Each structure stands twice: as structure tokens, then as C-alpha cells.
Amino acid sequence: MYSWLGPGRYLATEHTQGPWHPGFQHMGPVTALIAYELGRTAPVPGLELSRLAADVFGPVPVGELEVSAEVIRDGRRVQCLAATVRAGGREYVRATAWRIREGDSPEIATSPPPAPVPDEPTPPSWLSTGFGYGRAMDWRFVKGTPTETGPATAWMRMRVPLVEDEPTTPLERLLAVADSGNGISYALPFETHMFVNLDLTVTLLRTPATEWICMDAETVVGPSGRGLTRSALFDEHGEVGAATQTLFVAPR
């Protein structure tokens with residue numbers, strides 16, 4: 001999805017293209033790239049990313065990016081970091097992330113995956129063939145379809161590495177998927193409306209451990225041009241967290 005150009009500098013490939021315009025990136029790869037850079041910023045053994053919140057100031061162009069990260073609140077048990085994504089001198093994304101020290105706690109009310117990973121991919125559709133990010137993912141729906149509005153549940157995995165010649169971690173794989181909730185559970189037709197998310201917040205109960213990630217997503221749209229997508233996130237072992245997206249909704 002990205003080629004490494006030097007410290008904090010990356011070149012986006014066609015695999016990052018989103019559904020709205022071929023010159024703009026899907027936020028999934030961008031969010032995963034933020035996690036990649038955060039993972040190289042003041043890592044502390046035992047402190048794991050537990051929340052990432054990204055605000056999107058404009059469509060991120062497919063091209064060269066600068067990603068920077070810093071610690072803004074350090075501690076032995078919790079740590080807060082900030083990150084920015086820039087292109088051509090303009091800031092497009094600003095994110096904050098919390099790390100929490102791992103420890104023993106009773107597991108209460110977590111759920112198994114909604115269904116196993118299907119053996120066969122979902123038949124080709126606009127979602128899997130119509131834009132670069134879609135082609136870079138393996139889509140396997142267990143509820144809903146790519147061509148119908150309404151709630152949906154789907155397993156996804158990346159077909160290509162996040163950063164060329166680098167291994168992709170399960171956390172990066174999850175964050176590459178987490179922005180797809182409004183895409184798989186859209187409430188209005190793509191042909192008539194746009195519903196672009198202004199942010200993405202991901203909260204994790206634990207670090208994911210498998211390459212397959214499942215989203216159980218639902219999108220609701222209010223009467224005044226705003227929408228909300230809520231997605232439960234799973235790996236093959238069970239529930240790992242949740243994602244939310246605030247949507248700007250308008251006729252095309």
C-alpha cells in the first residue's frame with residue numbers, strides 16, 4: 001500500500017485509493033500507517049495501543065505523505081501519543097492514541113465471532129473491483145451483501161503489505177479494516193448520496209492476533225445531513241473492540 005521513502009515519509013500506491021475519487025485515499029490504509037508510525041515512537045514493553053481517534057480535515061491525496069508522531073503524556077501505566085498526516089505541506093489527519101499497560105483482569109461479556117470465515121470469497125462487486133483499496137482486500141460477507149443497503153457483517157484481510165518489504169502486524173491489519181464500516185453497511189445508495197466520515201475512533205479490549213478481521217456494522221442516518229456508523233470488531237478468536245464513524249451525508 002505504501003513505499004517507504006525515508007523517516008516519516010511514504011508514497012501511497014493505487015492500493016490506497018478510496019471509492020469517492022481515484023485521487024483520494026481510503027482512510028483504512030491511512031489509519032494503519034498512523035499505527036505503523038506510532039509503533040516506532042517511544043515503544044514501551046507492556047504498553048499496548050487501546051484507543052486511536054483520527055479527525056479527517058480533508059481527503060488524503062494518493063501521493064507522498066509525511067507522518068509524524070510524538071508522546072504528549074508519558075507514564076508507566078498509560079501513555080498518550082499524537083500523530084499527524086501531511087501532504088504538500090497541508091495537514092490532512094490529526095490523531096491521538098492511548099496505550100495502556102497490559103495486566104490481568106477478568107474477561108466479562110466479550111463475544112465470539114458472529115460466524116467463521118467463509119471458505120469462498122464474496123462474488124465480485126463494485127466493492128472488490130471498483131477502486132484500489134477494494135481490490136487490495138479479500139472480502140467475505142456473512143450477512144448482507146456489497147450491493148444492498150443495510151447492516152452487514154464481513155470478514156476482511158489485506159492482500160498486500162501495508163509498507164512494502166515490511167511485515168504487517170495484526171493491529172495494522174485491523175486498523176486498515178476499521179474504516180470500512182460505512183462502506184459495507186451503507187444506508188443510502190452510492191449512486192445518489194455521499195456519506196463521508198469525518199473521523200474514526202477505534203477502541204480495543206485487547207490486541208488482535210490474526211490476519212482475518214470481522215466487522216459487524218450498522219449505519220444510521222439522521223434527518224439533518226449527519227450519520228453514524230457503529231462496528232463491532234473481531235479476530236478469529238473473538239471480540240477485540242469497536243469502531244465509530246461520524247458521517248457527512250449529502251446528495252451527489
Side-chain angles (χ1 to χ4, degrees), residues 1-2 4-10 25 27-57 60 65-87 90-110 158 161-163 166-181 197-211 213 215 229-235 237-246:
M1 292 190 170
Y2 298 95
W4 188 80
L5 300 178
R9 295 174 50 240
Y10 304 89
Q25 296 188 50
M27 267 302 293
V30 177
T31 308
L33 187 64
I34 290 171
Y36 177 87
E37 194 68 27
L38 288 172
R40 285 145 185 78
T41 303
V44 177
L47 285 178
E48 299 292 341
L49 191 142
S50 300
R51 176 183 178 271
L52 190 150
D55 290 308
V56 185
F57 302 144
V60 181
L65 302 180
E66 296 179 10
V67 186
S68 61
E70 62 177 334
V71 176
I72 57 175
R73 194 279 193 196
D74 208 355
R76 292 183 302 166
R77 293 185 293 182
V78 296
Q79 185 185 64
C80 189
L81 300 94
T84 60
V85 178
R86 292 182 172 88
R90 176 183 171 183
E91 184 180 11
Y92 284 91
V93 182
R94 183 179 300 174
T96 56
W98 281 99
R99 291 172 175 157
I100 296 177
R101 178 169 296 280
E102 291 195 325
D104 292 330
S105 58
E107 183 175 349
I108 301 171
T110 58
M158 299 167 63
L162 176 65
V163 177
E166 291 280 343
T168 304
T169 67
L171 174 62
E172 292 159 2
R173 290 179 181 275
L174 179 141
L175 291 171
V177 164
D179 190 63
S180 296
N197 57 302
L198 307 178
D199 63 6
L200 172 66
T201 300
V202 178
T203 304
L204 298 177
L205 300 168
R206 62 173 173 84
T207 302
T210 68
E211 66 173 348
I213 301 297
M215 300 192 81
T229 298
R230 292 169 285 209
S231 304
L233 301 170
F234 303 82
D235 67 6
H237 302 309
E239 186 177 8
V240 295
T244 60
Q245 299 163 285
T246 305

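What you are looking at is a predicted structure, and each value in this text was computed from that prediction instead of being measured. Residue numbers run from 1 in the order of the sequence given.
Under the rule for a salt bridge (Lys or Arg N to Asp or Glu O under 4.0 Å), the partners of Asp235 that lie at least two apart in sequence or sit in another chain are Arg206. Take Arg9 and apply the side chain to side chain donor-acceptor pair (under 3.5 Å) test, not counting sequence neighbours, and it matches Glu64. By the salt bridge (Lys or Arg N to Asp or Glu O under 4.0 Å) test, Arg94 pairs with Glu91, sequence neighbours left out. Every residue two or more places apart in sequence or in another chain that forms a side chain to side chain donor-acceptor pair (under 3.5 Å) with Gln245 is listed here: Asp179, Asn182.
In terms of heavy atoms, Gly181 sits closest to Ser231 at CA-OG, 3.6 Å. Taking both residues in full, the closest heavy atoms of Ala243 and Val202 are given as CB-CG2, 4.1 Å, listed atom of the first, atom of the second, then distance. Smallest separation of non-hydrogen atoms from Pro45 and Arg101: O-NH1, 3.5 Å. Ala178 and Leu200 get closest at one heavy-atom pair: O-CD1, 3.7 Å. What you find for Pro29 and Leu162 is that their closest heavy atoms are O-CD1, 4.0 Å.
Applying the salt bridge (charged side-chain N to carboxylate O under 4.0 Å, His left out) test to every pair with at least one member in residues 31-49, sequence neighbours left out, gives no pairs at all. Pairs of residues two or more places apart, or lying in two chains, that qualify as side-chain hydrogen bond (donor to acceptor under 3.5 Å, both in side chains) and include a residue from residues 65-83 are Ser68-Thr84, Asp74-Gln79, Gln79-Arg99.
Side-chain contact between Thr229 and Asn197: absent, with no pair of heavy atoms (C-beta onward) separated by less than 4.5 Å. Counting heavy atoms from C-beta on, the side chains of Arg173 and Pro208 never come closer than 4.5 Å. In this structure, Val30 and Val56 have side chains that are not in contact, with every pair of non-hydrogen atoms separated by 4.5 Å or more. Using a 4.5 Å heavy-atom threshold, the side chains of Val240 and Leu205 count as separate. Considering only heavy atoms from C-beta on, Phe57 stays 4.5 Å or farther from Val85 through its side chain.
Just one of Leu174, Leu175, Ile100 meets the side chain to side chain contact (heavy atoms under 4.5 Å, CB included) condition when paired with Leu204; it is Leu174.
No donor-acceptor pair closer than 3.5 Å links the side chain of Tyr36 to the backbone N or O of Thr169.
Using modelled atom types and a 3.5 Å distance limit, the side chains of Gln25 and Tyr92 yield no donor-acceptor pair.
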